[in-house]
Number of protein chains: 2
Amino acid sequence: MPLTRHKSAGYMTNWAARLFARVIDRKLKPLALGSGYLPVFFALSDGGSRTQKELALGADIEQPTMAATLNRMDRDGLIIREKDQNDRRITHIRLSDSALAHAAQIKTIVDQVNETALSGLNSQERQVFLEALTKVTAALSQADDPSK
Amino acid sequence: MPLTRHKSAGYMTNWAARLFARVIDRKLKPLALGSGYLPVFFALSDGGSRTQKELALGADIEQPTMAATLNRMDRDGLIIREKDQNDRRITHIRLSDSALAHAAQIKTIVDQVNETALSGLNSQERQVFLEALTKVTAALSQADDPSK
DNA sequence: GGTAAATGCATAGCTTGCTATGTAATATAT
DNA sequence: ATATATTACATAGCAAGCTATGCATTTACC
């Protein structure tokens, strides 16, 4: 009895995302890093600092998710947290020196995985694919929160 | 200081997948269902039974993930598990009557979310998008396990 | 027929995501 | 000035994914 798979856009997108994470996590494992750290790395790779809220907004994830990610990165010695002097609610976050030293290598790994993923697409197909993802995220963001 | 977002294919795919799950989970919440149940629902919506291994293969997820999903579905009264008589390692899984009664409604909800997500794409763009996702998953599966 | 290999499922422990809610600090409004 | 809002972050608890490992059970091989 064959499985009748429901290969909708949602299913395929979920599958592709899991595969991206799996492949990237495997390549990051020797560096003791996880795919969840990437948005923070890229946001802070200029050596500057951002608040937790700015990082969450930039990564399009919820605040408690970013808080948990930063806790793991703190545990792993990747970030420095500094309290704001004027507004004691705010914490400024920046990469530790050792983390910053790995930023270029991480970008290389991520670029390689992206290139592998898109290797079967020509440049026009890649463009349509990325534009489609932009339109899909816009449509779903709208459906998620119609006020936007 | 503006955030320099790294909107790669991997990042956008991850974001789209999270949005799909968020929107679907919200629509399934009144039914006390989660997006993780969907592959099982679709695989069993013909009223037949499958083994845990068949379900995991059909959903492209690992066996322990499927085991956890089935435990939640069991807890929620959605599935029936029956031990195989000939081979006591095997468990046959089918939807409960009440779960089966919801299958059509669930498919309608999922179809609606997919339509919403793709609403900004014309039919040619949709085709390229789905083909691209197929090629991307194939390339990443290959990278994940080169023996395939 | 007995050992070894393979198979199917369970368990443990982790990450990355979510919602709901709490708390302290700051800003606003009467 | 005080009560109320808002803001920034923390905490709790869960879902859905992963790897690594264990445990029966069945198959395969001498």
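Each chain gets a letter, A, B and so on, in the order the sequences are listed, and its residues count up from 1.
If you chain together ILVMFWY residues whose side-chain heavy atoms come under 4.5 Å of each other, B:Val128 ends up grouped with A:Val128.
Glycosidic conformation of D:dA5: syn, with the torsion inside 90° of 0.
Put simply, A:Lys29 has a side-chain N or O that comes within less than 4.0 Å of OP1 or OP2 on D:dA20. The side chain of A:Asn71 contributes no N or O atom lying less than 4.0 Å from OP1 or OP2 of D:dA10. Between B:Thr65 and D:dC18 there is a side-chain N or O to OP1 or OP2 distance below 4.0 Å.
The side chain of A:Pro64 lies closest to D:dT11 when the candidates are C:dT16, D:dT11, D:dC9. Closest approach to the A:Arg18 side chain among D:dC18, D:dC9, C:dT19 is made by D:dC18 (side chain taken as heavy atoms from C-beta onward). With D:dC9, C:dC18, D:dA20 as the candidates, the nucleotide lying closest to the side chain of A:Gln63 is D:dC9.
Separating the CG atom of A:Leu70 from the C1' atom of D:dC9 is a distance of 11 Å, rounded to the nearest angstrom. One interatomic measurement links the two molecules: CG of B:Asp60 to P of D:dG17, which rounds to 11 Å at whole-angstrom precision. For A:Met66 and C:dT19, the CE to P distance is 15 Å, given to the nearest whole Å. One can place CG of B:Leu33 at 18 Å from P of D:dC14, the figure rounded to the nearest angstrom. The separation between A:Lys53 atom NZ and D:dT7 atom C1' is 7 Å, rounded to whole Å. As a whole-Å value, the separation of A:Arg50 CZ from D:dA8 P is 16 Å. When rounded to the nearest whole Å, the span between NZ of A:Lys83 and C1' of C:dA24 equals 9 Å. For the pair B:Glu62 CD and C:dG13 C1', the interatomic distance rounds to 16 Å; values are reported in whole Å.
Mapping A:Gln85 and A:Ile61 onto DNA chain C by nearest heavy atom places A:Ile61 at the nucleotide closer to the 5' end. Nucleotides of DNA chain C nearest to A:Asp87 and A:Ser35 differ in position, and the one nearer the 5' end is that of A:Ser35. Where A:Arg26 and B:Asp25 each meet DNA chain D at their nearest nucleotide, the meeting point lying more 5' is that of B:Asp25.
Within residues 88-95 of chain B, the residues approached by DNA chain D to less than 4.0 Å at the level of any non-hydrogen atom are B:Arg88, B:Arg89, in residue-number order. Within residues 72-82 of chain B, the residues having any heavy atom closer than 4.0 Å to DNA chain D are, in order of number, B:Arg72, B:Arg75.
Contact of the B:Tyr37 side chain with the B:Ile79 side chain is not registered, since no non-hydrogen atoms from C-beta on lie closer than 4.5 Å. Side-chain contact between B:Arg81 and B:Ile93: present, with at least one pair of heavy atoms (C-beta onward) separated by less than 4.5 Å. A:Thr116 places none of its side-chain heavy atoms less than 4.5 Å from the side chain of A:Val23. The side-chain heavy atoms of A:Trp15 and B:Leu133, taken from C-beta on, include no pair separated by under 4.5 Å. Looking at heavy atoms from C-beta onward, A:Gln52 lies in side-chain contact with A:Gln63 at the 4.5 angstrom threshold.
At a cut-off of 3.5 Å, with distance as the only test, no side-chain donor of B:Asn71 or B:Arg75 sits close to an acceptor on the other residue.
Neither B:Ile106 nor B:Ile80 shares a network with the other; the hydrophobic side chains, linked directly or stepwise wherever heavy atoms of I, L, V, M, F, W or Y lie under 4.5 Å apart, form separate groups for each. No chain of hydrophobic side-chain contacts below 4.5 Å, direct or via other Ile, Leu, Val, Met, Phe, Trp or Tyr residues, connects A:Leu70 to A:Ile90.
Counting any heavy atom pair closer than 4.0 Å across all strands shown, A:Asp84 reaches no nucleic acid atom.
Pairing for D:dA5 is absent, with no Watson-Crick or G-U wobble pair whose two atom distances lie under 3.5 Å.
Atom NZ of B:Lys29 sits in a sparse spot, with 12 or fewer heavy atoms from other residues, nucleotides or ligands closer than 6.0 Å.
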